[in-house]
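Inspection log for the structure reproduced underneath, given as structure tokens.
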Amino acid sequence: MSLRFTTAGESHGQALVSILEGIPAGLTLLAEHVDEQLARRQMGYGRGRRMQIEQDAVELLSGVRAGETIGAPIAMLIRNRDWANWQDIMDPAPRPQDPVRKRAVTRVRPGHADLTGMLKYDRDDARDILERASARETTARVAVGSVCRRLLASFGIRIGSHVAELGGVIAARPEPFPADINAAADTSSLRTLDADAERRMVERIDAAKRDGNTLGGVCEVVADGVCVGLGSHTAWDLKLDGRIGRAMMSIPAVKGVEMGMGFAASRATGADVHDEIEPAPGNAITGGVRRRSNRAGGLEGGMTTGEPVVVRVAMKPISTLMKPLATVDVATGAPAQATAERSDVTAVPAMGVIAEAMLAIVLAQALLEKFGGDSLRETRRNYDGYLARLNDRLADRSR
């Protein structure tokens with residue numbers, strides 16, 4: 001079975017639900033493994049009051065027994081604590097005593113799904129749209145990504161991220177780059193690796209908050225330990241860079257994705273873009289060679305090269321402003337100021353954690369496509385056989 005997932009739930013509904021199919025049996029999985037990543041998603045200076053209300057914790061409903069996956073679909077539930085304050089607004093049942101629900105939204109927000117969704121789904125209240133379009137849904141995706149990270153870790157793959165830019169402040173990339181990115185980044189209130197840039201980012205956030213404004217930024221996500229040959233050049237929808245791009249662009253407010261040098265490659269010559277190759281005997285996951293640089297970001301021809309997979313993800317400023325922009329009230333057609341829903345000044349640090357989850361999902365899908373297996377032992381055997389064959393190729397060349 002291929003790895004696939006779906007999520008359900010609204011921002012202020014009773015709970016968020018994830019269903020993940022295709023994880024092999026025998027993977028160690030506890031609720032704490034998921035909760036750790038859910039907590040990281042709630043980090044970051046500039047977050048709103050919702051992060052103080054919610055303390056996300058997962059309930060494993062199926063697919064796990066005695067601390068191990070059993071090969072069946074994994075169902076996960078994350079309850080919304082704020083539901084207690086929104087039940088009369090979000091209750092699925094009819095409420096004859098309230099013919100018009102409280103907190104109806106008709107002053108639609110520029111940059112959000114409000115207006116387009118109302119027109120597409122023929123709704124009179126944008127809350128029917130914004131509750132699902134909310135980035136709160138990504139909590140369920142981080143839960144799925146947490147399981148996929150566990151699978152990848154079984155094959156020596158580690159994923160981390162850091163904030164590279166926020167509010168126009170660019171963070172310097174440290175040299176040497178930390179081996180454990182998250183161990184370093186998670187000590188920062190903004191998940192950045194540049195302390196001086198962090199100070200200036202905080203100043204920008206404080207100024208934006210005073211102005212009722214919001215800020216965007218860029219995160220860099222890195223996957224280490226990925227073997228050569230995941231993905232394929234043979235069809236457009238099998239190319240791994242395309243699949244990664246789609247996954248990242250599905251994150252709310254993300255407007256740009258780069259891999260390796262990205263757009264900078266278009267402004268350079270071929271000699272300054274392409275990674276020269278040299279022998280690296282004994283390094284099976286790269287096929288016995290290495291790149292002298294990693295400008296391609298670990299991807300060539302839609303396949304992994306064995307070098308770190310490097311993805312940069314750009315997030316626009318959040319569309320809910322405390323100093324609202326001009327819009328129309330769709331109930332009257334008259335000019336109005338947009339609704340000001342509770343929101344963050346910035347969610348770039350959280351976006352990095354979400355991007356880690358999406359990269360984990362895509363890499364786990366690609367790994368299982370190549371190596372298969374109904375149990376982790378079977379997948380491991382297939383993986384080890386592949387590396388052994390790569391080693392044999394090296395040995396054959398050296399004779």
Side-chain angles (χ1 to χ4, degrees), residues 148-162 173-182 220-235 238-245 247 257-262 264-265 268 270-312 356 359-373 376 379-399:
C148 293
R149 293 172 84 112
R150 295 287 298 169
L151 175 66
L152 295 174
S154 300
F155 297 88
I157 299 171
R158 181 167 58 187
I159 299 177
S161 71
H162 65 102
R173 207 171 191 272
E175 290 292 344
F177 199 67
D180 189 336
I181 303 171
N182 287 342
E220 182 176 79
V221 190
V222 181
D224 286 302
V226 183
C227 71
V228 63
L230 301 189
S232 177
H233 68 286
T234 61
L238 299 180
K239 290 177 178 285
L240 198 59
D241 41 8
R243 292 161 65 178
I244 292 170
V257 181
E258 294 182 331
M259 290 164 213
M261 285 182 68
D272 296 321
V273 169
H274 303 298
D275 302 309
E276 293 186 295
I277 303 169
E278 63 186 16
N283 190 356
I285 72 166
T286 61
V289 298
R290 67 178 295 273
R291 271 74 176 170
R292 292 176 178 174
S293 55
N294 191 25
R295 298 163 182 156
L299 294 154
E300 290 178 347
M303 297 169 286
T304 55
T305 64
E307 302 292 341
V309 176
V310 182
V311 186
R312 291 169 65 88
E356 290 176 31
L359 183 57
I361 292 167
V362 174
L363 290 179
Q365 287 173 331
L367 185 139
L368 290 174
E369 285 167 7
K370 179 157 183 61
F371 302 112
L376 187 59
T379 307
R380 182 83 230 181
R381 184 173 66 245
N382 296 341
Y383 176 83
D384 290 344
Y386 175 67
L387 293 190
R389 175 56 188 148
L390 292 179
N391 275 321
D392 289 345
R393 286 172 58 88
L394 297 176
D396 291 343
R397 287 201 299 266
S398 65
R399 291 192 183 107

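If you read the sequence from its start, that first residue is 1, and numbering goes on from there.
Residues Met261 and Ala268 share a closest heavy-atom pair of CE-CB, 4.4 Å. Val362 and Ala247 make their closest contact through CG2-CB, 3.6 Å (heavy atoms, listed as atom of the first residue, atom of the second, distance). Scanning both residues, Ala223 and Leu363, for their nearest heavy atoms gives CB-CD1, 3.7 Å. When every heavy atom of Asp275 is checked against every heavy atom of Ser293, the shortest pair comes out as OD1-OG, 2.6 Å. Looking at every heavy atom in both residues, Asn182 comes nearest to Arg149 through ND2-NH2, 3.5 Å. Nearest heavy atom pair, residue Cys148 against residue Ala360, reads CB-O, 3.7 Å.
Identified under the salt bridge (Lys or Arg N to Asp or Glu O under 4.0 Å) test for residues 303-312, with sequence neighbours left out: Glu220-Arg312, Glu258-Arg312.
With Thr304 contributing its side chain and Gly306 its backbone, the two residues share no donor-acceptor pair below 3.5 Å. Proximity of a side-chain donor or acceptor of Arg158 to a complementary backbone N or O of Ala179 within less than 3.5 Å is detected. Judged purely by atom type and a 3.5 angstrom limit, Asp241 has no side-chain atom pairing as donor or acceptor with the backbone of Met303. Not one N or O on the side chain of Thr379 forms a donor-acceptor pair closer than 3.5 Å with the backbone of Phe371.
A distance of 8.0 Å separates CG in Leu376 from CZ in Arg380, rounded to the nearest 0.5 Å. Of the inter-residue distances, the one linking Asn391 atom CG with Ile285 atom CD1 reads 11.5 Å to the nearest 0.5 angstrom. Note: Arg389 CZ to Asp392 CG = 6.0 Å, rounded to the nearest 0.5 Å. Distance check: Leu299 CG to Leu230 CG gives 9.5 Å after rounding to the nearest 0.5 Å.
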Would Val309 and Ile244 satisfy side chain to side chain contact (heavy atoms under 4.5 Å, CB included), going step by step from the backbone distance to the final call? CA-CA 10 Å; Val309 176; Ile244 292 170; 4.2 Å; yes
Thr305 and Glu300: CA distance, side-chain angles, deciding distance, side-chain hydrogen bond (donor to acceptor under 3.5 Å, both in side chains) verdict: CA-CA 7 Å; Thr305 64; Glu300 290 178 347; 5.9 Å; no
Could you check Ile159 against Ile181 for side chain to side chain contact (heavy atoms under 4.5 Å, CB included), going step by step and ending with a plain yes or no? CA-CA 8 Å; Ile159 299 177; Ile181 303 171; over 6 Å; no
Starting from the C-alpha separation in whole Å, work towards a yes-or-no answer on side chain to side chain contact (heavy atoms under 4.5 Å, CB included) for Asp224 and Ile157. CA-CA 6 Å; Asp224 286 302; Ile157 299 171; over 6 Å; no
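Cys227 is listed as a side-chain neighbour of Tyr383, based on a closest heavy-atom distance under 4.5 Å. Inter-residue side-chain proximity for Val222 and Pro308 is flagged as met; some heavy-atom pair is nearer than 4.5 Å. By the 4.5 Å heavy-atom criterion applied to side chains, Arg381 and Tyr386 are not counted as neighbours. Here the side chains of Leu390 and Val228 are in contact, with some heavy-atom distance below 4.5 Å.
Under the 4.0 Å criterion applied to side-chain N and carboxylate O atoms, Glu369 and Arg243 are assigned as salt-bridge partners. Salt-bridge formation is detected for the pair Glu278/Arg290: a Lys NZ or Arg NE/NH1/NH2 atom is positioned less than 4.0 Å from an Asp or Glu carboxylate oxygen.
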